[in-house]
Each structure stands twice: as structure tokens, then as C-alpha cells.
Number of protein chains: 2
Amino acid sequence: MLTRDDFEDLLKIGVALSSVHDLDRLLDMILFESQRLTNADGASIYLVQGEKLVFKSVRSNTFFKKWGESKTRQIFKSVEMPLTKDSIAGYVALTLKPLNIPDVRKIPPGSEYHYNPATDKKYGYETISLLAIPMLNYEEKIIGVLQLINSMKGGKAIPFTEEHMRITSSLASQAAVAIQNAMLAEELKNAHYETIIRLSAAAEYRDKETANHIKRVSYYSRLIAEKIGLSKEEVEAIFWSAPMHDIGKLGIPDAILLKPGKLTPEERKIMEQHTIIGAKILEGSKAEILVKSSIIALTHHEKYDGSGYPRGLKAENIPIEGRIVAIADVYDALSSKRPYKEAFPEERVLSIMRESRGTHFDPGLLDVFLRNIDDVREIKKNYPDTEGEIWK
Amino acid sequence: MLTRDDFEDLLKIGVALSSVHDLDRLLDMILFESQRLTNADGASIYLVQGEKLVFKSVRSNTFFKKWGESKTRQIFKSVEMPLTKDSIAGYVALTLKPLNIPDVRKIPPGSEYHYNPATDKKYGYETISLLAIPMLNYEEKIIGVLQLINSMKGGKAIPFTEEHMRITSSLASQAAVAIQNAMLAEELKNAHYETIIRLSAAAEYRDKETANHIKRVSYYSRLIAEKIGLSKEEVEAIFWSAPMHDIGKLGIPDAILLKPGKLTPEERKIMEQHTIIGAKILEGSKAEILVKSSIIALTHHEKYDGSGYPRGLKAENIPIEGRIVAIADVYDALSSKRPYKEAFPEERVLSIMRESRGTHFDPGLLDVFLRNIDDVREIKKNYPDTEGEIWK
């Protein structure tokens, strides 16, 4: 039977799990707590995704000591297996019943479930006792499996107890609903980001900007924001807001926006209005992303030396978001193909950027950007311009 | 001391609360459970909003019997009070300590807290025992106050016990995190909806559509979807997708989109492409809203008799979302002012709509729309076209 302390513990864990919205952190917390409650050497979580079981997170005292946390996580990352009874986790996910195996080496040959020692052999580990618990959500649907390995006592692996099974079963149902909530929040956020990208790209449909241009500017901006040490919330807000920087181009007539030659001074003035129009489209909201995107729309063409538009702001008078997106936007314009120009080679792009250090660009931010050029290249590689359907 | 059963109960309640994402349903569930655990005649929740305490939800056996649920809720709806020690709930919110008052009539005059009997007098009720519990989130920040009134035994109000206080305090911390999660999800959703509205309205900036046109179409569509009995999820998806129906107009050149006179047959063909362009901008996503909005963009100009575009689909071959938005969109175009026309009087709008029953519009859906014309009027009143900044 569970003791009063166990229950108090479980109640606290439940509240703690519910207040974590980041899936990775949540999974790690579930593993940490289940290890603590059962003295398990190792713990892992598999999530059910369609017809698959996906290995999502691991904690292992033995491997963390041997390899460190990040290497261990790297090694076991994203192993997928079919959702069949051929694995212990699969068996539990399909039968919906917990399985407490005192010694995996002694599973009788005719048993419905089997232990595959391949991973143990590969990494020089010996699994003895194993406890696998189905994680069911509030509608009793399977979300995943919590698997614990080797309950330790005096340096030796002993079988998991009935209490271990009861307490982790209770933990597992709290875990299931917390995981489901975290995934739901992630889905909501992804849908929102995708909407922003699609609609922002659509807004630049007329002048043939691509969705990947928008995405790259969003990722470059996030990179700079991260590297200068802004808070996680600020970094995310910039990531989400940057795509809307040119939304105001919707207000510019075709005759100017799409004019092949050079703009007259009057036309140029109208074109520059896209910053003000964009800010007006987005301003006056309570939503953080819209507030930030309004600022970015207004200030991403300001220059550090005060020669930009629409207000000719100087240096730190330009909001940081505007200074960040200015770098991201210009870099992307120079380094990608546009209807009227080829992509410049990187060397030329960087030399142009460097020449504008302190005139166009905030020198500190530019230095950060250039120091992280490897990450920039990675982003560029991940979001290439595709031919054909230009608005995708 | 709490018993094992109490703990099991609390664990189940915790999981149940975490799986409810609708704030109103969640608050009601918290009240229901806290009434059940303490035998309270009445229960209410106040949430802290800035410098205010806002009365959010109530359950009362006495008043539900006397007036029914909805009238009771109506009467006590959205009472606000300043966050000061002048009310019991305010006192608890500021001191962060639970308060168990055996008899509110016997609070000594020099006490730090006071009971205001005005509401009791007004509604002919007698509060005797009162238990007020602060709801603190995981960071120990005050979210609100759970207030229970008159623990009943044998038809009489008796004081709340120590156990009542313990168990509701535990419930309150589960409640706090669940409430916070529900509010966060609501905030995310609102931000997403607002982004869709702003960007969709921006997309129609060139032909002077307003954000309120977009919103009205969104609300009219939701109304129809609700009244024909679609699931809550489908109704929400239509509500969120409808605003993007004309996003494809971004792909239409100014010369055609903004042409003051009648379009030539060739121009008309190009104009009609906005359905296909819109669908392409939005298609191929995993996000439900984008999938639905792509369908709506493609099919909202189809007509029930097959005379619409772009594909000339007939009757039930037109996706239900397209048939719904067709009614909402045309109704709104007829009943509001546009740059090229005044708003038609309602009588004329409805007679035009009725004439197109079975030709342009799905007859069943149109009947539903017309039967709910009071709700339609309400929406129209709530989102009027404003002069001036046309893109807001």
C-alpha cells in the first residue's frame, strides 16, 4: 500500500508536472521522479505516434556516469520501433497493462513477451529487473510507455516491488495528461507559426518573395537574439514576429512595388511607406507577437547611423528587434536569388555586410551574427529557395 | 488527517482537472469537486486580474434549486471588486492564508477581516460558515480564491472542519495550475486568431476590405456551423479558417482587382483565380486550420446549382465549409458599405438571399441562417465598419 508520504509526494509531482509546458523538460522530469520513487538505475519514455513507438527521453545513472548526459541522450535519440508485441514497451502499449519483470534473463520461452538484449550487448549493460507502465490519458487512450530498469539496492539490481508498480502507475497517469497538454500546446504554437509564415509569404506574393525567405529571416533573427543573451521569451517573440516585417508592402501599388527600373524620388517615398503601413496593420494589440511585429515592421529599415527610414532613428534609439531584423533581412536579400539578381557568393555578401558595420548595422549585433556564421549557413541550407511555386 | 481515500480522490481530481482546457468548464468542475469534498451549500471562484478580484464562477445548491443554474450564474456574473482586505476573498488573496470562519455573524469587531452581508440580504440567503482558500500557482503566486459557504449536515450549516481545509487547500493548488494552463491556452488561441484576422485583413487592404468584414464572416460562419450541429472542434476550425477565404486576392494585379468599371471576360477569369491562388497559399499543411482554410479559399465561390467557380461543383459536392462561408460572405457584402456601394437595408438583403435559395446557396444552410437572423444582427452590431483606418 502507498503511504501518506507517497501520496503527498504524488500530489506535489502532479502539480509540478502540470506546470511544465516544454515537452523535453517535462519528459525528463517524469523520468527523474520515477527513478527517485523506485531507485531505478535507468528510465525511459516511449511515445505512441501512429503505428510506431518512438523513444523520446532517457535517464541512466550508469550511462550518465560513463558518457555524460548529452552523449547518452545523443546515442539513444529518436529510436523508433513498430508498435507490436515484439518489444516489451510495445507489448505494454498494446495490452495496456503494466509489466513487472523480476529478471529479464528468466522470462520463460513460451511467454507472450520477449526481452531483446541487443542494446545491452551493444553498450555493455546488463538489464535485470524491468518495470514497464502504460501511460494512459484521461480517456484511457495510450499515450506512451514509461520503462524503468534495475531497481538498485546496495549496488545490486533487485526486482521492482508492488509499491513501485503502484506509485509509478499513479505517476504515469499524471504524466500522460501533462504530456498530452504539452503536445497540444506545441501543436497550437506550430499552427500559429505556420499561419504567420503562410500569410506573411502570401503578403509578399506580388514581389515574389518566398516562404523560405520569410523563414530564414525568422531563424536568423532568432539566432542573433539567442546569442546576445535575450530571455527565452524575448527570443521566441522575435522569432514569431520577424516574418511579418514586410507585411506593409500590401499597401504599395503594383506600379511601384513591381516597377522593373529605378524608382523616382516620389515613388521611393511611397515605397518607404510600407514600414508605416505594416506597423499600422499590426499595432494596438494585446498579443505580444503582434506588438513586437509592429515594432519590427516600423523599424527594420532604420540604419545605425540615422540614415534609414521612416524616422531616421539612430543607434540605440532603434529598438533592438528592428536592429536584429535589419541584419537578418539584408543578409538574406544579398545571399539569395531574387527575380532581378542572382545570389551573391558568401564572401561578397559578408564583405558588403562588414562595410556597413556601424553605418547600416549595429556593430555589436553584426559581430555576433558574423561570429555565428556556421549556424547561419546551417539555416540557409535547411530552408533553400525552391523553384516553381514561389509562394510556398 | 487526510485518509487514503481522500488522497486517491485528490489524485483523480488532479488528472481530471488537467485534462479540461475550457476555462468555464474547468472552474465549474473545481467548484463541483470542492462542494462534494466539503458538503458546502455554495462555492465560488474569484480570479485575480491586475488590481482586481473578478468573480468568475458559482455553484449553489440553494440558488440552483430556487432559480435554476443559468439564472443563478447570470445574477452573479462578472462582479468585480478591488483587491483589498475589505472583502474576505480580498483578505485571503493578500495574506495568502486560508481562512476558516465558523460563523460570519460572530467575527469580532476588531478583526482584520470583515464579512459584508449585503449580497445575503439582497438575495435572501444566510451565510454562516465560510472557508476561503487562496489558489497559488507553482511559483506560489496568487491566481485566485476558492470560497465555500455553509458546510451542510442534517439540513443545517455547520463549521468547516480542519480536514475540509486541508483537502480543499490541496485541491486549490491543483486547481491553480489547471486554471493557469487553461488561461495560457486561451491566450495562445486568442493571439493566433488575432494574427489571422490582422493578416487576412491586411491581405485585403488593397480592395479596402476591413478587419471587421473578416471578423463578421468568421462569426456568421461559426453561427451556421453551430446551428447545424457540427462538433465543437469543427465549429472552431471553421471560425478560424473562414477569415482567410480571400487571401488569394493577393495574387490579383491592381489593374484588375481595383478596376472601377466592369471586368472583361478575360479579366474576370483572372479575378476568379483568387480561389485557386488562395488554396495554393494555404494547402499542404498538417495544421487543421490551414487545411480547412485552403478548402474554403477554393470553394467559397462555388454555387449550389453548379454555376459557380472555379470548378462548377454542385450541391453536396461543394464541401460544407465552402457552402457555409458562401452564405456568410455574400450576406456581409450585401449588408455593409463598400467603396462602390452603400449598405443595403436588411429587408432587401434577405430578399436577395432568399431568391438565391437552391441556386447560389445550399437551401438547408440558408434556412438555418435565416432562422437565426437575431444572432446575425447581434454579430453585425458588435463588429461595425468603422470609418478611417480601413485595415483595422
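Each chain gets a letter, A, B and so on, in the order its sequence line appears, and its residues count up from 1.
- For the set A:E194, A:M244, A:K189, the count of heavy-atom pairs under 4.5 angstrom toward chain B peaks at A:E194.
- Contacts between B:Q180 and chain A at a heavy-atom distance below 4.5 Å are absent for every atom of the residue.
- Residues A:S19 and B:N137 are not in side-chain contact: their nearest non-hydrogen atoms beyond the backbone lie 4.5 Å or more apart.
- Counting only heavy atoms from C-beta outward, the side chains of B:N190 and A:K286 never approach each other to under 4.5 Å.
- Environment of CZ in B:R25: sparse, with no more than 12 heavy atoms of neighbouring residues, nucleotides or ligands closer than 6.0 Å.
- In this structure, the portion of A:S170 lying under 4.5 Å from any heavy atom of chain B is its side chain and not its backbone.
- For B:A16, the parts lying under 4.5 angstrom from a heavy atom of chain A are both the backbone and the side chain.
- Pairing each heavy atom of B:A203 with each of A:L250, the nearest pair is N-CD1, 3.7 Å.
- Each of B:E139, B:E8, B:E288, B:E187 has some count of heavy-atom pairs under 4.5 Å with chain A, and the biggest count is that of B:E8.
- Looking at B:L290, only its side chain comes within 4.5 Å of chain A, counting heavy atoms on both sides.
- Not one N or O on the side chain of B:D254 forms a donor-acceptor pair closer than 3.5 Å with the backbone of A:A255.
- Only the backbone of A:L2 comes within contact range of chain B, judged by heavy atoms closer than 4.5 Å.
- When heavy atoms are compared at a cutoff of 4.5 Å, B:T3 approaches chain A solely by way of its backbone atoms N, CA, C and O.
- For a residue to count as touching a neighbouring chain, one of its non-hydrogen atoms must lie under 4.5 Å from one of that chain's; by this rule B:V15 touches chain A with backbone and side chain alike.
- Without hydrogens or angle criteria, B:R4 side chain to A:F7 main chain gives no donor-acceptor distance under 3.5 Å.
- With contacts defined as side-chain heavy-atom distances shorter than 4.5 Å, the pair B:L10/A:L11 qualifies.
- Using a 4.5 Å cut-off on side-chain heavy atoms (C-beta onward), A:R198 and B:I247 make no contact.
- With chain A as partner, the option from B:G14, B:G251, B:G278 having the largest number of non-hydrogen pairs under 4.5 angstrom is B:G251.
- Your options are A:S173, A:G248, A:S285, and the one with the most heavy-atom pairs under 4.5 Å with chain B is A:S285.
- In this structure the side chain of A:H192 never reaches within 4.5 angstrom of the side chain of B:L188, judged on heavy atoms.
- Note that CG of B:L282 is 6.5 Å distant from CG of A:L199, once rounded to the nearest 0.5 Å.
- At most 12 non-hydrogen atoms from other residues, nucleotides or ligands lie less than 6.0 angstrom from NZ of B:K141.
- Most heavy-atom pairs under 4.5 Å with chain A, from the set B:A176, B:A287, B:S18: that is B:S18.
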